[in-house]
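Ligands are counted one by one from 1 in listed order, and the atoms in each one are counted from 1 as well.
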Amino acid sequence: MTPEGNENALPAGAALRPVRILGIETSCDETAAAVVEDGARICSSVVASQNATHGKYGGVVPELASREHLRAIVPIVRQAVEQAGVEYSALDAIAVTQGPGLVGALLVGLTYAKSLAMALNKPLVAVNHLEGHIHAVILEERVNGRPEPEFPALALVVSGGHTLLAVAERQTAANEVEGAFSYRIIGRTRDDAAGEAYDKVAKLLGYGYPGGPILDRLAKHGDPEAVRFTKPKMRVTKASKGDALDFSFSGIKTAVLRYVEANGMAEEIARRNELRKREPKPTLEQWLAHSPPKTLDLVASFQRAVVDDLVEHTVEAAERENVNSIFVTGGVAANSLLRERFTKLRAASPPIYFPRFSLSTDNAAMIAAAAFPKFQARRFADWNTPPDASLALEGTRPINTAEAE
Ligand code: KG4
Ligand code: ZN
């Protein structure tokens, strides 16, 4: 399915009706499929979470993730196509996440997408997962019929696997292809991703996996000023470039561990671990009953430190790059304090955009949406396209018309 080899796969009259792309996402622990029209209308979006499988281990177990994807991929894709109310033959392309992510997990989605594309004689579009998160923001605006965000945009992509700041540019003038994008990463985490820090701290404190949603809810019941965490050393100054915008979250995770040791919290943590064994999904009330005030203060202070760091870096980067919009996306973009802080900034900053919660966390609608401009430019993937666990966002080259011919 080289761009040349796949020309025939383009359905006749594709331009006369909406372009329907089936997106498939299996980069981590969600098996997802969605049908999106013209990168703007979500006909269906189905997500099967593996939280129940990984929960007891306190994090994603790669081998189990691959097995769960294998189990789920066929019914989830079928459900997405059925819910969209279309026949497989009415799809114009199959889009799939190529990377970054867990290689075994990616392989399941990519292999299934290739098989489907081959069987249906449809083009295959390979999508970078991070590009998908960025396009979730554009999709949200289109779904709501709002004007397109202005570029260049600064994207804070913040999830369980990634924390980065990227400048996204729209390349229309440069190569005359509608909706072509290029990306430049200006800051990334040097160790843990922000979501990973949430997950590790939650595991350490006995709150289970995934950690973000529960710590977010508990943080509202604690004092964010109670515990002071030292900021990571990568100072952000107006004059500094490059690494100054990098993030580091492992220090704060270690600080929480020290606090736990110094404050003799082993017993209460054991009680919470017991609660999770009895109750697979404890309610907020149950968690609160098992969380002394000092622990809630620790959680609130942790959340405050992480959010402060994310917001400060983003504000600095937006100023430095003089961008016209700010996108906040990825699983951690669901965080209530992060949203509150960015919302408060709105008056004094370029417009700030978030996708709705279901588009912030991993989903396949964002993959189908990111594939749309590639489909228009006929940038199709080859049968030999491999999964790429560390696929770089910059590697997602701007679309070049010459490539499609
Ligand atoms: O984007 P995503 O679904 O998957 C990855 O690409 O990693 O993000 C999942 C991450 C997990 O680490 C989870 O703990 C975190 O997002 N997360 C949150 C919240 N909801 C999910 N972190 C903080 N606050 C939340 N409300
Ligand atoms: Zn993600």
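For ligand 1, one of its N or O atoms has an N or O atom of D216 under 3.5 Å away. Considering backbone and side-chain atoms alike, G160 places an N or O below 3.5 Å from some N or O of ligand 1. In terms of N/O distances under 3.5 Å, ligand 1 is approached by D199. At under 3.5 Å, a nitrogen or oxygen of N335, whether backbone or side chain, sits near a nitrogen or oxygen of ligand 1. Between G195 and ligand 1, at least one pair of N/O atoms sits closer than 3.5 Å. Considering backbone and side-chain atoms alike, D362 places an N or O below 3.5 Å from some N or O of ligand 1.
Distances below 4.0 Å separate heavy atoms of G161 from the following atoms of ligand 1: 7 (O).
Separation of atoms CG (D308) and CG (L337) is listed at 7.5 Å; rounding is to 0.5 Å.
Here the side chains of H129 and M366 are in contact, with some heavy-atom distance below 4.5 Å.
Counting only N and O atoms by type, the side chains of T385 and Q98 include no donor and acceptor under 3.5 Å apart. A donor-acceptor contact closer than 3.5 angstrom is absent between the side chains of D246 and H313. Counting only N and O atoms by type, the side chains of R339 and S360 include a donor and acceptor under 3.5 Å apart. In this model, a donor atom of one side chain and an acceptor atom of the other lie less than 3.5 Å apart for D191 and S248. Residues Y198 and N335 have side chains that bring a donor and an acceptor to within less than 3.5 angstrom of each other.
Between E268 and R271 there is no salt bridge, since none of the side-chain N atoms of the basic residue sits less than 4.0 Å from a carboxylate O of the acidic one. Salt bridge annotation for R17-D92: present, with a cationic side-chain nitrogen under 4.0 angstrom from a carboxylate oxygen.
Ring pair F372/H135: centre-to-centre distance not below 6.0 Å.
Put simply, no part of R217 is less than 4.0 Å from ligand 1, judged by heavy atoms. Heavy atoms of H133 approach ligand 1 to within less than 4.0 angstrom. Remark: distances from the non-hydrogen atoms of A334 to ligand 1 include one below 4.0 Å.
Among protein heavy atoms, atom 15 (C) of ligand 1 sits closest to V332 CG2, 4.0 Å. G212 CA, 3.4 Å is the protein heavy atom nearest to atom 18 (C) of ligand 1.
Counting heavy atoms under 4.0 Å from ligand 1, residue H129 touches it through the side chain alone.
Across G101, G331, A136, heavy-atom proximity to atom 16 (O) of ligand 1 is greatest for G331.
Geometry at the Zn ion (ligand 2): NE2/H129 and NE2/H133 form an angle of 90°, nearest 10 degrees.
Within D362, the N, O or S atom at minimum distance from the Zn ion (ligand 2) carries the name OD1.
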